[in-house]
2 protein chains.
Amino acid sequence: METLGKAPIGRPRGFDTDEALERAMRVFWELGYEGAGLTDLTNAMGITRSSMYAAFGNKDDLFRKALERYTEGPASYAARALLEPTARQVAGAMLDGAVRATTRPGCPTGCFGVQASLVAGATARDARDALITWREEAIARLRDRFDRAVDEGDLPADADPTTLARHLMALANGIAVQAAGGTPRDDLQQIADAAMRSWPPL
Amino acid sequence: METLGKAPIGRPRGFDTDEALERAMRVFWELGYEGAGLTDLTNAMGITRSSMYAAFGNKDDLFRKALERYTEGPASYAARALLEPTARQVAGAMLDGAVRATTRPGCPTGCFGVQASLVAGATARDARDALITWREEAIARLRDRFDRAVDEGDLPADADPTTLARHLMALANGIAVQAAGGTPRDDLQQIADAAMRSWPPL
DNA sequence: GATATTCAGTACCGATCGGTACTGAAGTGG
DNA sequence: CCACTTCAGTACCGATCGGTACTGAATATC
């Protein structure tokens, strides 16, 4: 809504919503949807429950906002990778990006989109489904990019863009699982480099 | 203890512990450690809480027994794969096994060892660590097998068994993530087949 | 200065969590 | 048949879950 030239009425927020959301994102990333309680979240965000509800909505709303922030922040390498000039460079950027994003210093290890709700009990079903959609949409975008590479002759005409996309995402997700388990970045980079030595798997 | 020729004293159990453990394994596999409450578990097992505690111990104990059952059941393809005569056949058996085990009809999708506790809040930390150990030990066994393959000349002398093992496990874990998201078996098999077309990634 | 709006804090809610105590049931052995 | 052992069922425990109602605080506007 338009507030140009006018201060908003009412008591101003006493915290930085951007910073609070960053903290919430990291809590979900590290503990998962079910592992993160409201106390974990509000302690990390530095606000009270009622402030959290007023600013972000309920736990599920907050989770989705955190996922969006993750997409635009730590996982933004994926959107950028799609802009690489060749399919091979797209693949390399995806894997190198996965290695870096899953082992950022000062951040949780692994990938929010893989681990924050891979399976779920009844109360976290929506969160899990949101992550499934998030991963499937990433695969679809990769597939579309590889479709274009076939059209442009950058990939052979008989290459299967869906399988190439799924294969690449399997590697990226597998890297994320090992990162979540504590595997060091150098070891993960060896996986990415080995995969690239024989890419594309035709 | 020795009870040959003698009936055990005390009231006999009124349920099949083997069947109950099978049911518990599937609940943890589908819902995860944190997503599975005692009510979910006891309803699926068909017994009361006190029977569950008497027969299996607490939730954490039950989880470990379920993981062991998973290792010897649905995930037993991994131990068998190691017995294949060549490294390439080991790799193929691992990936084919992962595709099958993560999409068994009538069973949850995905892999218990990846998804039942990939990340965790404070109360599930031990369960998550148990799964990290389980996955790392699987990688170590693969690495040892590939070490032997190098020694036997089945893999080139300059091949890196650790990277080959991690790369293969990344693919298997990535397949499990996609299976957990609902990807059909045929699509996953395409990933495995594509990976094998350029295996080993030297 | 009063009113209105929005935010922060606290106490509290009903429900569910993992787990246990106690009582009764079902068996064996003497 | 009684004593002992082990199991099953029920009620209950303290703690924590996600969430809210109410009150006071901090602002802007008139």
Side-chain angles (χ1 to χ4, degrees), chain A residues 1-21 24 27-28 31-66 117 120-127, chain B residues 1-21 24 27-28 31-66 116-117 120-128:
Chain A
M1 58 284 301
E2 192 55 67
T3 53
L4 271 179
K6 268 190 163 178
I9 60 176
R11 180 172 167 169
R13 288 203 184 288
F15 63 95
D16 183 335
T17 53
D18 201 63
E19 174 63 20
L21 185 55
V27 169
F28 282 127
L31 305 183
Y33 183 93
E34 285 168 328
L38 296 187
T39 303
D40 300 305
L41 289 162
T42 52
N43 282 353
M45 293 163 88
I47 62 181
T48 62
R49 277 170 193 239
S50 57
S51 296
M52 192 197 86
Y53 273 81
F56 301 101
N58 67 6
K59 187 180 180 185
D60 212 68
D61 296 329
L62 179 63
F63 182 81
R64 288 172 194 275
K65 291 180 167 80
S117 195
T123 58
R125 207 57 51 81
D126 288 346
Chain B
M1 60 284 300
E2 193 56 65
T3 54
L4 271 179
K6 265 181 162 192
I9 61 176
R11 179 172 168 168
R13 287 203 185 289
F15 62 96
D16 184 334
T17 53
D18 200 63
E19 175 62 21
L21 185 55
V27 170
F28 281 126
L31 305 183
Y33 184 93
E34 284 167 330
L38 296 188
T39 303
D40 300 305
L41 289 160
T42 53
N43 282 353
M45 294 163 87
I47 62 181
T48 62
R49 285 175 186 231
S50 57
S51 297
M52 192 198 85
Y53 274 78
F56 300 101
N58 68 7
K59 188 180 179 185
D60 212 69
D61 297 330
L62 179 63
F63 182 81
R64 289 172 192 276
K65 292 181 168 77
S117 194
T123 59
R125 207 58 49 82
D126 288 347
R128 183 206 58 182

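In what follows, chains carry the letters A, B, and so on, assigned in the order in which the sequence lines appear, proteins first and then strands, with residues in each chain numbered from 1. All values derive from a computational prediction rather than experimental measurement.
Considering every non-hydrogen atom in both A:Ser117 and A:Ala124, the closest pair reads OG-O, 3.8 Å. In plain terms, the two heavy atoms of B:Ala24 and B:Met45 that are nearest each other are CB-SD, 3.8 Å.
The backbone N or O of A:Tyr33 lies less than 3.5 Å from a partner atom in the side chain of A:Lys59, making a donor-acceptor pair.
A salt bridge (Lys or Arg N to Asp or Glu O under 4.0 Å) check over residues 34-50 of chain A, counting only residues at least two apart or in different chains, returns nothing.
Take B:Ser51 and apply the side chain to side chain donor-acceptor pair (under 3.5 Å) test, not counting sequence neighbours, and it matches B:Thr48. Taking the side chain to side chain donor-acceptor pair (under 3.5 Å) definition, one finds that A:Arg64 meets it with A:Asp60, sequence neighbours left out.
Residues from residues 46-62 of chain A placing a heavy atom under 4.0 Å of any atom in DNA chain C, listed by number, are A:Thr48, A:Ser50, A:Ser51.
Evaluated for a side chain to side chain contact (heavy atoms under 4.5 Å, CB included) with B:Tyr53, the options B:Leu38, B:Ile47, B:Asp61 yield exactly one hit, B:Leu38.
Among the atoms of the strands shown, none is found under 4.0 Å from any heavy atom of B:Thr123. Using a 4.0 Å heavy-atom distance criterion, B:Ala36 is classed as a sugar-phosphate-only contact.
One finds the CZ atom of B:Arg125 at 6.5 Å from the CG atom of A:Leu31 (value rounded to the nearest 0.5 Å). Rounded to the nearest 0.5 Å, atoms NZ (A:Lys65) and CZ (A:Phe28) are 11.0 Å apart.
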Could you go over nucleotides 28-30 of chain C and give all protein N or O partners under 3.5 Å, atom names and distances?
none

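The shortest distance between side-chain heavy atoms of B:Leu21 and B:Asp16 does not fall below 4.5 Å.
Summary of the strand contacts: A:Pro12 and B:Pro12 both lie near DNA chain C, and taking for each the nucleotide with the nearest heavy atom, the more 5' one is attributed to A:Pro12.
The span of DNA chain D lying next to chain B, judged by atoms under 4.0 Å from heavy atoms, is bounded 5' to 3' by D:dT5 to D:dT10.
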